2 protein chains.
Amino acid sequence: MSKHTIQDVARKARVGVGTVSRVLNNHPSVRKSTRDKVLAAIEDLNYAPNPHARRIAGGRSYTVSVMLPMVSVEFYVRLVNAIEECLDENRFDMAIFPLLGRARIERYLNSNRIAYQADGIIMCTYDLGRLFPDGALPTEHPVVLVDNESEHYDSVFLDNYYGGYLVGEYAGRLGLPAYTMSLEDDPEGVFVSQVFVDRKRGFDDGVTSSNVQLVRDYPSGLHHQGGVQAAQKLLDEAVFPCTVFAAADVLAGSLIEEAGRRGLVVGRDIKVIGFDDQPWSQDMKLTTVHQPIEVMGRRAAEMLLERLSGYDGPPRKARFTPHLVERDSTLGEVLPAKYVAIAER
Amino acid sequence: MSKHTIQDVARKARVGVGTVSRVLNNHPSVRKSTRDKVLAAIEDLNYAPNPHARRIAGGRSYTVSVMLPMVSVEFYVRLVNAIEECLDENRFDMAIFPLLGRARIERYLNSNRIAYQADGIIMCTYDLGRLFPDGALPTEHPVVLVDNESEHYDSVFLDNYYGGYLVGEYAGRLGLPAYTMSLEDDPEGVFVSQVFVDRKRGFDDGVTSSNVQLVRDYPSGLHHQGGVQAAQKLLDEAVFPCTVFAAADVLAGSLIEEAGRRGLVVGRDIKVIGFDDQPWSQDMKLTTVHQPIEVMGRRAAEMLLERLSGYDGPPRKARFTPHLVERDSTLGEVLPAKYVAIAER
DNA sequence: CTGTTAGCGCCTTCAG
DNA sequence: CTGAAGGCGCTAACAG
């Protein structure tokens with residue numbers, strides 16, 4: 001901590017602490033000359049107010065809490081990055097609170113946990129209705145939801161249903177038997193995000209209008225390893241050529257690799273469609289549904305900041321509409337399949 | 001926030017606030033009957049002290065900051081989980097501060113950032129000497145390093161050199177030409193953790209004593225995708241049978257898949273050795289170096305708590321010694337290679 | 001052992 | 001417009 005207090009600044013600037021506080025908080029009624037004096041003193045002393053004291057004294061601490069499931073997926077890395085960038089531009093600080101399993105989450109319910117002591121909260125993915133009967137967080141501070149809709153709070157989310165629907169329609173046009181790789185239920189039942197349910201539902205609806213047959217779903221965990229296992233099962237049982245919708249790019253990646261290993265040609269024998277459009281999906285030539293993660297993260301931060309600046313309207317929904325990005329993983333010609341891979345040394 | 005204050009508790013228990021404070025802080029000099037009264041009142045009111053006020057008044061907030069590179073790898077998930085578990089057992093709260101690129105880190109230098117306002121700090125992986133000339137964080141509070149040694153602070157780390165050495169020796173015994181997959185330099189140069197350098201150095205030293213030839217190193221990013229690219233290059237150029245040491249299990253995973261895709265038999269044509277012993281490495285039958293992540297995380301938390309309880313000795317080093325876990329990925333017989341994989345529908 | 005009383009650093013009246 | 005004073009919730013002496 002800087003050893004200096006608001007007192008030091010006041011003394012040095014030869015004003016009262018009240019005045020220093022006013023310039024600190026951008027109060028309009030400070031004569032420019034006075035304000036400059038104070039600013040100079042602050043600069044000289046390299047002073048910065050103590051956030052805890054500010055908080056105690058009734059003001060803001062210029063801090064927001066971001067709560068998110070602690071899983072090692074790229075989505076959150078990108079999201080957090082975008083949120084932090086926006087908050088920082090507005091001189092706000094950010095702390096992250098990982099949601100680690102049900103037991104841990106329940107401890108967070110205690111509203112005195114530091115997580116709730118910020119000026120505002122961004123809650124990601126986690127379904128509030130699931131643990132809080134009223135669907136509300138135990139705090140008076142503004143809350144913004146990401147990856148989740150709500151009647152209580154501003155929310156930022158992708159229209160996952162529509163994204164899935166787009167894929168369903170597309171699969172219909174491809175005219176091949178279709179399979180899906182979805183997200184399996186979390187054993188604890190806490191993080192079964194609506195997101196993946198919506199994608200799947202959208203797909204199912206989108207595909208039914210066609211004469212394509214949805215053969216089977218292969219659920220797995222949201223990581224490469226799980227994806228591979230599901231992919232193996234799928235490829236053991238599938239007929240080719242076929243279409244597969246993977247509810248996340250990472251699963252599509254697993255599938256593509258497993259297919260390659262078996263000598264199947266992606267885009268020809270097996271049309272693969274992902275969801276997310278991660279940066280590496282382009283290299284992978286994966287047809288997928290684009291989700292603007294950074295834009296969404298920034299929007300969430302903005303909405304929270306608006307609330308913190310006094311906006312007090314009804315809960316707003318920032319719904320983002322995804323679009324399909326067509327790449328080689330669905331564009332190959334479908335030929336009779338018979339492949340031989342030989343590795344000889 | 002709970003609407004109640006220490007005053008409410010005092011009133012309800014019919015004692016002074018000082019007494020309530022004493023029981024809150026486990027002060028010994030409180031008669032059991034009084035303490036019980038207070039405890040009952042606290043229970044009744046569902047009261048919990050305000051951490052900011054505690055910080056302001058007394059010094060501690062019972063909060064620790066964990067700073068870590070924000071990358072989507074399992075290591076940090078497991079580490080954070082273990083740290084939080086230990087902290088929670090000791091009624092400490094935890095907040096996470098992601099280290100997001102060089103520019104962001106430099107902003108953290110300001111010691112008034114909330115990240116530095118905790119009672120103590122656990123800093124992961126990040127090499128302090130790299131950004132702080134004196135290798136010290138701008139804080140008076142205790143600091144514990146994970147994944148990094150230091151003269152200034154308690155540190156918890158694996159003997160990565162030794163782990164690499166074990167693999168090197170093992171590769172020597174296998175007697176095949178050897179390749180390595182290492183971690184490429186971070187373009188920003190901030191997160192080039194010593195960890196991977198040590199593993200590689202250990203390996204090199206371990207292998208030189210044998211008559212095995214270390215042919216080439218294939219660096220890549222620490223994610224599946226990067227691993228696949230490196231693996232492709234490696235497999236294009238390698239002679240078989242051979243041994244490959246991947247500096248992290250995730251890279252070994254990429255290699256195994258890519259090898260499978262090419263019809264190579266892991267354990268026979270290509271001996272793969274990883275590092276970390278992630279939970280899924282067992283399923284993958286990967287020979288690897290075991291790293292007790294949970295134990296290390298817990299130890300880090302413990303060391304910090306000890307400091308917070310007044311321990312004031314010189315910096316301690318908790319060095320963990322890894323061991324090699326031998327599995328099928330190195331146990332196949334080496335036969336002349338000629339493999340055919342046929343996928344026919 | 002326990003109640004009372006200063007502050008901790010800051011914001012917010014309330015007079016001037 | 002600005003200084004002084006009160007208070008946020010809590011801890012830490014200081015007397016009893």
Side-chain angles (χ1 to χ4, degrees), chain A residues 1-39 41-42 45-63 111-114 116-117 119 140-141 308, chain B residues 1-39 41-42 45-63 91 93 111-112 114 116-117 119 140 308:
Chain A
M1 292 143 279
S2 104
K3 292 289 171 224
H4 295 128
T5 76
I6 198 173
Q7 311 277 357
D8 300 329
V9 178
R11 202 172 310 126
K12 182 155 183 96
R14 302 179 167 288
V15 298
V17 291
T19 302
V20 178
S21 178
R22 280 180 204 108
V23 350
L24 247 25
N25 297 289
N26 278 313
H27 201 85
S29 63
V30 180
R31 192 188 303 153
K32 172 139 180 27
S33 64
T34 320
R35 150 177 262 99
D36 287 345
K37 266 197 307 190
V38 174
L39 254 19
I42 290 178
L45 264 32
N46 188 26
Y47 164 82
N50 179 322
H52 295 100
R54 298 182 106 168
R55 195 80 176 66
I56 272 296
R60 355 161 86 45
S61 58
Y62 298 91
T63 298
S111 56
N112 272 83
R113 296 287 300 226
I114 173 181
Y116 290 110
Q117 304 277 15
D119 297 345
E140 305 294 302
H141 299 300
L308 292 175
Chain B
M1 288 142 280
S2 108
K3 293 289 171 224
H4 296 127
T5 75
I6 198 172
Q7 311 278 357
D8 301 329
V9 178
R11 203 172 309 126
K12 182 154 182 96
R14 302 179 164 289
V15 298
V17 291
T19 302
V20 178
S21 177
R22 279 177 204 109
V23 350
L24 247 25
N25 297 289
N26 277 312
H27 201 87
S29 64
V30 181
R31 193 188 302 152
K32 173 143 181 19
S33 63
T34 319
R35 149 176 264 101
D36 287 344
K37 267 197 305 191
V38 174
L39 255 17
I42 288 178
L45 265 32
N46 189 26
Y47 163 84
N50 178 320
H52 294 100
R54 297 183 103 167
R55 191 81 172 69
I56 276 296
R60 326 170 107 32
S61 58
Y62 298 90
T63 297
R91 323 185 105 262
D93 219 331
S111 58
N112 273 84
I114 175 183
Y116 290 110
Q117 303 278 16
D119 297 347
E140 305 294 302
L308 293 175

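What you are looking at is a predicted structure, and each value in this text was computed from that prediction instead of being measured. The chains referred to below are lettered A, B, ... by the order of the sequence lines, with proteins before strands, and numbering in each begins at 1.
Backbone-only engagement by B:Val15 is indicated by non-hydrogen atom pairs under 4.0 Å involving sugar-phosphate atoms exclusively.
Rounded to an integer number of Å, the gap from A:His52 NE2 to C:dG7 P is 23 Å. Counting to the nearest Å, the P atom of C:dC8 and the CD1 atom of B:Ile56 are 10 Å from each other. The separation between B:Ile6 atom CD1 and D:dC8 atom P is 14 Å, rounded to whole Å. Residue B:Arg55 contributes atom CZ, which lies 16 Å from atom C1' of D:dA12 at whole-angstrom precision. Between the CZ atom of B:Arg60 and the C1' atom of C:dC8 there is a distance of 16 Å, rounded to whole Å. Regarding A:Asn50, its CG atom lies at a distance of 18 Å from the P atom of D:dC8, rounded to whole Å. Whole-Å rounding puts the B:His4 NE2 to D:dC8 C1' distance at 17 Å. When the P atom of C:dC8 is taken as reference, atom CZ of A:Arg54 falls 19 Å away, rounded to whole Å.
Rounded to the nearest 0.5 angstrom, A:Thr5 OG1 and A:Leu45 CG are separated by 9.0 Å. Separating the CD atom in A:Gln117 from the CD1 atom in A:Ile56 is a distance of 8.5 Å, to the nearest 0.5 Å. To the nearest 0.5 Å, atoms OH (B:Tyr62) and CG (B:Leu308) are separated by 9.5 Å.
Between the side chain of B:Asp119 and the backbone N or O of B:Ser61 there is at least one donor-acceptor pair closer than 3.5 Å.
Nearest to the side chain of A:Thr19, among D:dG3, C:dC10, D:dG9, sits D:dG3. Considering only the side chain of A:Arg31, D:dT2 comes nearest among D:dC8, D:dT11, D:dT2.
Between B:Pro51 and B:Arg22, it is B:Pro51 whose nearest contact on DNA chain D lies nearer the 5' terminus. Mapping B:Ser29 and A:Val17 onto DNA chain C via the closest heavy atom, the residue that lands nearer the 5' end is B:Ser29.
The closest side-chain donor-acceptor pair between A:Arg55 and B:Asn50, if any, does not fall under 3.5 angstrom.
Put simply, the side chain of B:Arg14 and the base of C:dG3 share no donor and acceptor less than 3.5 Å apart.
In this structure, B:Ser21 reaches the D:dT11 phosphate: one of its side-chain N or O atoms is under 4.0 Å from OP1 or OP2. Look at A:Tyr62 and you won't find any side-chain N or O under 4.0 angstrom from OP1 or OP2 of C:dC10.
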